[in-house]
Each structure stands twice: as C-alpha cells, then as structure tokens.
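Down below is the structure, laid out as structure tokens.
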Amino acid sequence: MDNSFGNNSTFFQGAKDIANQAKQQGRMQDSYGRYEGGGEYASHDGGYYHSGDAHGQEDADSDATEGHDEDDEIYEGEYQGIPHPDDMKAGRMAASQPMPDEYRDQAELMAERLKDEEQLAHQYESIIEECGHGRFQWTLFFVLGLALMADGVEVFVVGFALPTAERDMCMSNSNKGMLGLIVYLGMMFGAFIWGGLADKMGRRYCLIIALSINGVFIIFSSFVQGYGIFLFCRLLSGVGIGGSIPIVFAYFSEFLSREKRGEHLSWLCMFWMIGGIYASVMAWTIIPHYGWGFSMGSSFQFHSWRLFVVVCALPSLSSLLGLMFIPESPRYLLEIGKHDEAWMVLKRIYDTNMRAKGHPEAVFTVSHIKTPIQMDEFIEIQSSTGTWFQRWLVRIMTVVKQVWQNMLLCFLPKYRMTTLFLAVVWFTLSFSYYGLTVWFPDMIKYFQNEDYESRMKTFHQERVEHFTFNFTLENQFHTEGEYINVRFIAIKFKSITFEDSLFEDCYFEDITSTNTHFKNCTFVSTVFYNTDLFKTRFSHSRFVNSTFLHNKEGCQIDFADDAETAFLTYLVSFLGSLAVLPGNIVSALFMDKIGRIKMIGGSMLLSAITCFFLFFGDSESAMIGMQCLFCGVSIAAWNALDVITVELFPTDKRATAFGILNGLSKFAAILGISIFASFVEITKVVPILLASVALVGGAVLGLRLPETREQVLM
C-alpha cells in the first residue's frame with residue numbers, strides 16, 4: 001500500500017469514523033459471515049474484522065497502518081482494513097430489519113400479537129361479510145346441530161331406559177341414582193378436556209374424536225349385560241359428548257358475521273330441544289315393545305330398551321359423517337399461522353354461497369390475511385429419537401402443558417372478572433334448571449303415590465276358608481286375618497301387605513309380586529311353588545312345616561309398574577322439551593335487538609318468579625304445567641349465555657373458556673339434582689327457595705357483564 005496514506009491525517013480520521021460506525025452496526029446485527037471456530041468476520045476485500053474481544057490478535061497490523069508508531073496508531077489493534085461500501089450498506093439494512101423472535105422479549109411479542117389479533121378481527125369480519133351467509137353456513141348449521149342434538153339425547157336416554165333396564169340389571173335405588181349422575185360427571189370432564197384441546201388441535205378434529213367416542217360407547221353400552229360395565233360405558237359416552245357444546249358454539253360462531261351471530265347461534269340452540277323430543281318419541285315408540293329383541297340363553301339378553309339406546313346414537317354418528325365434508329374453522333387456522341389453508345376455506349365459503357345465489361362467476365378478491373405472530377413452542381421429535389412410546393409421551397405432555405397454560409390464561413387480570421361473572425351465571429342457572437327439571441318428575445311421582453296410597457283398601461280380621469284366588473290383588477292391607485285351606489294360583493300381588501295373619505294349609509303357585517310384604521305372619525303346612533316370594537318379603541314371620549319349591553330366580557328388588565312409570569317419564573320429558581320452542585323463537589328473533597345481557601337478566605328473573613308459583617302446585621297437572629312454564633322462560637337465558645360466552649373470549653381461548661364454564665355447569669347440575677331430590681318427600685319449600693335465590697343472584701351478576709352484540713369476534 002502507498003505510504004503516503006500514512007501521512008494523511010484527514011484520511012485516517014475519516015477511516016476511523018467509518019470503522020467505528022461499522023463496529024457499532026456489527027454489534028447490533030451480524031452482517032458479515034462468521035467463520036467456524038473463531039470470532040472473525042470475512043470482509044469482501046479479503047481482510048478480517050475482529051469484534052474487539054480480549055483474545056483477538058492485538059498486535060496485528062494492516063497495510064494501512066504499517067510504518068506508524070504507537071502514538072500515531074488510531075485503531076488500537078482493532079481495525080484491519082477499510083470496510084467495503086457494500087458491507088456498510090448491508091450493515092445498515094441488517095440493523096433496520098426486525099430481530100428474530102427468539103431474541104425478543106416475551107412481553108414485546110405478546111404486545112405485537114395482541115395488535116395483530118385486533119387487526120385480524122376487523123379484517124376477518126370484513127371477509128366473512130364478503131363471503132355472505134348462505135348454503136355453506138346452513139350446511140354447517142345442520143351438521144353441528146346434530147352434534148348438539150346428540151348432547152340433548154344423552155341427557156334423557158338414561159332416564160327413559162331406566163324403568164325397564166333396572167329389572168334386567170337388578171338396580172337398587174342407589175345404583176339408579178349413580179347411573180343418572182355418571183352421565184353428567186362424564187360430560188363435565190369432557191367439557192374441560194375437549195374445550196381445551198379444541199383451541200390447540202382444532203375444532204373439527206376434536207369434535208370428530210369426541211363424537212366418535214360418544215357413538216362407540218353408546219353402542220357398547222347397549223350390549224353389555226353387567227351394571228358395572230354399563231356404568232363405565234355411560235361415563236365414557238358422557239366424556240365424548242361433553243365436548244359437543246363448547247366446540248359446536250365456538251366452531252359455528254367463527255363462520256358467522258357480527259349481524260348474523262346472535263340470531264343464528266340461538267337457532268342452533270333449538271337442536272338441543274329437538275334432541276329431547278327425539279329421545280322421547282323414540283322411547284315411547286320402542287321401549288314398550290319389550291319383545292323387540294333377542295336372547296342367547298340366560299347370559300345375554302337384548303330387549304327393546306337396548307334397541308332404544310342404539311337408536312340414540314344416530315344423531316352423534318350422523319353429525320360425525322357430516323363433519324367429514326366440513327372444513328376446519330378458518331379463524332382457528334389463521335390463529336395458528338396457517339394462512340394458505342384459511343384462505344382456501346374462505347374461498348370455498350365464498351364460492352359455495354355465490355353459486356347458490358346464482359353468481360358462479362364471482363371472484364374471491366381477498367389475497368392476503370393478517371396472521372398473528374406465533375407464541376407457542378412446538379417440539380419436533382425425530383423418528384430416531386427414543387421409542388415410539390417416549391415420542392408420543394413427549395407430544396402428549398406438551399399438549400397437556402399448553403392446554404393447562406391456556407386455561408390459566410382465562411384467569412389473567414384481563415379476563416378474570418369476565419370469567420368469574422360468567423362462572424357464577426353458568427353455575428346458578430344450571431343448578432336451578434337441572435335441579436328443578438329432575439325435581440318436577442319426582443314430585444309428580446310423589447303425588448301419584450300419595451293418591452295411590454289414599455285409595456288403599458283395608459281388610460281387618462277377615463277369615464277365608466276353602467277359597468281359590470285366581471285374580472290380581474292390588475293396593476290392599478290385610479291385618480289379623482285367617483286363611484284356612486286357601487289357594488293362590490297364577491296371580492299377581494301388587495302393593496299388598498299382610499300383617500299379623502295366619503296361613504294354614506295354604507298353597508301358593510306361580511305368584512308374581514311387587515311391593516308385597518308379610519309382616520309378623522304365621523305359616524302352617526303351607527307350600528310355595530314357583531313364586532317370587534323370596535325371604536326378603538317376610539319379616540318377623542314363622543314357618544311351621546312349610547316348604548318352598550322351585551322358587552323363581554332373578555332380581556329380588558321391587559320395581560314400580562313399567563308401563564305407568566315409563567309413560568309418565570316420556571310424557572313429562574316430551575312436554576318439557578316442547579315447551580322451550582316459544583322461548584327459542586323469541587330469543588332468536590330478539591337476541592340482536594335487545595342484547596345478550598338484558599336477555600340473560602330478564603329470563604333468569606322471570607324464571608325466579610315462576611319458581612314461586614310452585615308453592616301452589618299440589619297436583620300432577622299443576623306440576624306439569626309449572627315445568628313447561630319454567631323451561632319455556634329459562635331457555636332464553638341459556639341461549640343468550642351461549643352466545644355471549646363465545647363473544648367475550650378471543651379465538652385462542654374461546655373453546656377453552658367455554659369448556660371450563662360448561663364443565664362447571666355440569667358440576668352444578670350434579671349438585672342441584674342431588675340436593676333437590678333429597679327433599680322430594682320432605683318439603684318443597686327448600687328447593688323452591690334455593691332455585692329462586694340462585695336465579696336472582698345469577699341475574700344480578702349477569703347484568704354486569706359487557707354487552708357484545710356490536711363487537712367483532714376477537
């Protein structure tokens with residue numbers, strides 16, 4: 001290099017300024033290619049630029065500084081060669097580029113994501129409006145409606161099958177109570193599980209799995225013979241169907257524009273009512289025909305109630321079939337960064353609706369959609385890493401961790417009050433609604449039993465000799481009677497009690513009994529042949545030279561009359577389901593006009609007022625009428641609550657929050673059913689007051705929720 005450059009101080013001062021600038025930019029961003037194993041950067045002119053660390057080559061001199069003493073050395077061993085102008089330009093460009101996400105602060109990323117989500121919300125609303133509301137949404141409406149219908153069927157199927165199934169499985173009252181509650185327990189766990197997974201794995205995918213589990217275990221439960229396995233199958237079918245409500249409402253809401261959302265989500269709620277009507281009609285049609293079945297010896301029996309259980313799986317399986325032709329939610333796809341897939345789904349919606357409206361030539365004009373920055377850390381495991389079990393375990397634990405963290409995010413300060421207020425409203429409404437809807441049939445049965453017992457015939461100190469009974473004895477009380485050489489042949493004892501009576505030289509043959517008891521009776525030289533008068537029917541009785549021959553085998557528990565009990569159950573459930581039709585129509589038509597908050601508060605307050613009229617319900621017809629009135633009034637609150645829940649939470653927490661709240665409501669249902677049922681034969685004051693106070697409290701808190709009818713779906 002020419003030594004004249006060494007005497008030009010102006011040139012060196014300029015070079016020093018350039019070097020310092022390059023050094024600063026190099027520290028901000030790596031603009032030169034780093035060599036492996038060293039801290040050197042390659043420059044375009046063949047020299048090296050060192051980062052100035054302690055282990056650098058401190059004594060190295062460049063051609064530009066050769067011949068100068070230490071006093072005139074201006075680079076102090078750091079600069080070796082003037083940076084190329086292209087390097088300077090690249091350094092400035094690198095400094096202006098955003099830093100990679102892994103080097104950025106978590107709070108900064110979160111703030112940017114929130115900004116992206118807000119922009120996406122408004123853009124997505126415009127796109128959905130451009131796509132229109134037409135054939136695609138109506139197809140999705142019916143497919144998801146069937147899934148919601150399956151949830152309604154699941155609630156009723158056990159109650160309808162019990163009057164017949166209890167005999168086949170010899171269920172005690174505690175067994176029947178557990179079977180009724182196990183469904184709600186399964187639905188509670190299902191809501192938590194599938195709601196959380198739907199925000200991480202997709203709405204469609206999780207709904208398909210949930211409905212598959214429900215359908216499979218419904219069919220399994222129809223074939224199993226033991227009570228324990230039957231109980232387990234009903235639990236798992238409940239876990240499956242528990243995901244339907246959280247996923248269905250989150251899924252469908254993401255295909256609707258703001259002006260259509262409240263109304264059409266309310267119309268969707270009608271399928272739950274249709275599920276109750278469907279279950280009632282199928283039970284009424286199938287179960288009374290006890291011979292509609294087959295048996296394989298005494299170990300396997302398939303009676304009509306089992307056929308009814310199979311039929312109840314049809315809505316779930318039909319929805320499952322329809323979901324095979326329905327795409328994933330585009331709003332969810334955008335949330336997880338799958339822009340192209342979301343664009344294709346939106347184009348499909350647009351094309352389907354335009355063709356249905358007679359505009360097949362219309363072109364989808366959207367080219368780019370805002371995608372939020374991704375926050376989750378995904379673990380990609382190579383196939384050569386560990387065993388298949390270890391790989392799947394890592395994946396499962398990662399998803400579980402993400403779901404749990406997402407649940408906790410629903411209780412952050414931003415969402416805490418909303419989540420807590422909604423939790424109270426869901427809990428109070430569910431506690432009152434499910435508690436009373438089970439309490440109503442129990443009270444009706446109680447009134448029936450009271451009326452039945454009031455018509456009981458009493459026989460005191462009667463003496464019967466040399467007589468043959470060949471007709472049914474029903475609802476009678478015999479005390480201190482004497483029966484000498486009396487024959488009871490091929491008859492039925494129904495609600496018969498013999499007390500302090502003597503049976504001498506009597507003969508009982510082919511006897512079928514229900515709620516029949518012999519108390520403190522004496523049997524002398526009496527024969528029992530082919531009867532179901534088990535020892536449990538005799539209390540404090542004496543047998544002298546008496547014989548039991550070929551007693552009937554089977555369950556020794558008394559059951560109510562199948563036909564009467566079943567008819568009452570079907571009728572009450574059918575009328576209760578049908579009564580919500582006006583409430584569904586009103587809520588759908590006025591949801592967007594008067595708002596969600598007023599709908600919740602008004603409906604719950606009217607339901608509380610309705611509860612006080614129950615004090616005047618002293619007959620079967622009055623209780624049935626009160627049940628219809630209560631169900632019809634309260635359904636509007638349910639519909640508004642479903643709508644506002646999906647609107648108050650963002651897409652990445654929508655199904656999770658809905659699952660938490662719906663699972664809480666199932667827990668409230670278990671409490672309500674258990675508490676209200678315990679007061680059936682004691683008093684009706686406590687259930688009425690509990691329901692009224694809960695509804696008023698829920699209504700007051702519900703009025704403090706924010707209104708969402710003018711809000712885009714975040």
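- Side-chain contact annotation: R654 with T651, donor-acceptor N/O pair under 3.5 Å present.
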Are H264 and W138 close enough, and set up right, to give a side-chain contact (heavy atoms from CB on, under 4.5 Å), and what steps lead you there?
CA-CA 10 Å; H264 286 270; W138 284 113; 3.6 Å; yes
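- T428 places a side-chain N or O within 3.5 Å of a backbone atom of V425 that can act as its donor or acceptor partner.
- A donor-acceptor pair is defined here as one N or O able to donate and one able to accept, closer than 3.5 Å; such a pair exists between the side chain of S587 and the backbone of N584.
- Across all their heavy atoms, D592 and G262 have their closest contact at OD1-CA, 3.6 Å.
- To the nearest 0.5 Å, atom OH of residue Y184 and atom CD1 of residue I670 are 9.0 Å apart.
- Using a 4.5 Å heavy-atom cutoff, the side chains of F649 and T419 are in contact.
- Side-chain atoms of Q137 never come within 3.5 Å of backbone atoms of I349 as a donor-acceptor pair (strictly under, hydrogens ignored).
- The shortest side-chain heavy-atom distance between Y278 and P315 falls under the 4.5 Å cut-off.
- Ring centroid separation for the pair F271 and F141 comes in under the 6.0 Å cut-off.
- Here the closest non-hydrogen pair linking I218 and A313 is CG2-CB, 3.5 Å.
- With 3.5 Å as the limit, one finds no donor-acceptor pair spanning the side chains of R135 and T352.
- With hydrogens and angles disregarded, a donor-acceptor distance shorter than 3.5 Å links the side chain of S222 to the backbone of I219.
- Under the 3.5 Å distance criterion, the side-chain polar atoms of S430 are matched with a main-chain donor or acceptor of S665.
- No option in E328, E254, E335 other than E254 meets the salt bridge (charged side-chain N to carboxylate O under 4.0 Å, His left out) test with R203.
- Considering only heavy atoms from C-beta on, L320 comes within 4.5 Å of S212 through its side chain.
- The local environment of CZ in F590 is sparse, with at most 12 non-hydrogen atoms from other residues, nucleotides or ligands closer than 6.0 Å.
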Using the side-chain contact (heavy atoms from CB on, under 4.5 Å) rule, take I213 and I241 through it: C-alpha gap first, then chi angles, then the decisive distance, then the call.
CA-CA 8 Å; I213 292 174; I241 202 60; over 6 Å; no
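- Contact annotation: the side chain of L148 never approaches that of F252 to less than 4.5 Å [non-hydrogen atoms, C-beta and beyond].
- Ring planes of F667 and F427: tilted class, angle from 30 to 60°.
- For the residue pair S221 and R306, the shortest heavy atom distance occurs at O-NH1, 3.9 Å.
- Closest non-hydrogen pair, L648 versus P706, comes out as CD2-CG, 3.5 Å.
- Between the side chain of E707 and the backbone N or O of R596, at least one donor-acceptor pair lies under 3.5 Å.
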Could you walk me through whether I209 and W194 pass the side-chain contact (heavy atoms from CB on, under 4.5 Å) test, one step at a time?
CA-CA 9 Å; I209 297 177; W194 299 115; 3.3 Å; yes
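- For the 3.5 Å distance criterion, the side chains of N662 and W426 fail to qualify, holding no donor opposite an acceptor.
- Here CE of M282 is found 11.0 Å from CD1 of I287. Values are rounded to the nearest 0.5 Å.
- Of the inter-residue distances, the one linking M187 atom CE with E154 atom CD reads 6.5 Å to the nearest 0.5 angstrom.
- Other residues, nucleotides and ligands contribute only 12 or fewer heavy atoms inside 6.0 Å of the NZ atom of K593.
- Applying the side chain to side chain contact (heavy atoms under 4.5 Å, CB included) test between T645 and each of L422, I660, T418 identifies L422 as the sole match.
- Atom CD1 of residue I247 and atom SG of residue C206 lie 5.0 Å apart, to the nearest 0.5 angstrom.
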Please test F676 against F431 for ring-ring contact (aromatic ring centres under 6.0 Å, His included), starting from the C-alpha separation and ending with a verdict.
CA-CA 10 Å; F676 284 33; F431 177 82; 5.4 Å; yes
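- Between L605 and L695 the shortest side-chain heavy-atom distance does not fall below 4.5 Å.
- Side chains of L317 and N214 form no contact here, defined as non-hydrogen atoms less than 4.5 Å apart.
- Atom OG of residue S692 and atom CE of residue M604 lie 11.5 Å apart, to the nearest 0.5 angstrom.
- Using a 4.5 Å heavy-atom threshold, the side chains of Q627 and L436 count as separate.
- Between P246 and F658, the shortest heavy-atom contact is CA-CD2, 3.7 Å.
- More than 12 heavy atoms of other residues, nucleotides or ligands sit less than 6.0 Å from atom CE of M407.
- Put simply, the side chain of T437 gets close to the backbone of Y434: a donor and an acceptor are under 3.5 Å apart.
- Ring orientation note: the planes of F308 and F160 are tilted relative to one another, at an angle of 30° to 60°.
- Nearest heavy atoms, G601 versus A699: O-CB, 3.8 Å.
- Between atom CG of residue L211 and atom OG of residue S244 there is a gap of 7.0 Å, rounded to the nearest 0.5 Å.
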With side-chain contact (heavy atoms from CB on, under 4.5 Å) as the criterion, how do K176 and V158 come out once you've worked through the C-alpha distance, each side chain's angles and the decisive distance to 0.1 Å?
CA-CA 9 Å; K176 290 186 288 185; V158 170; over 6 Å; no
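- A heavy-atom distance below 4.5 Å is found between the side chains of Y251 and I326.
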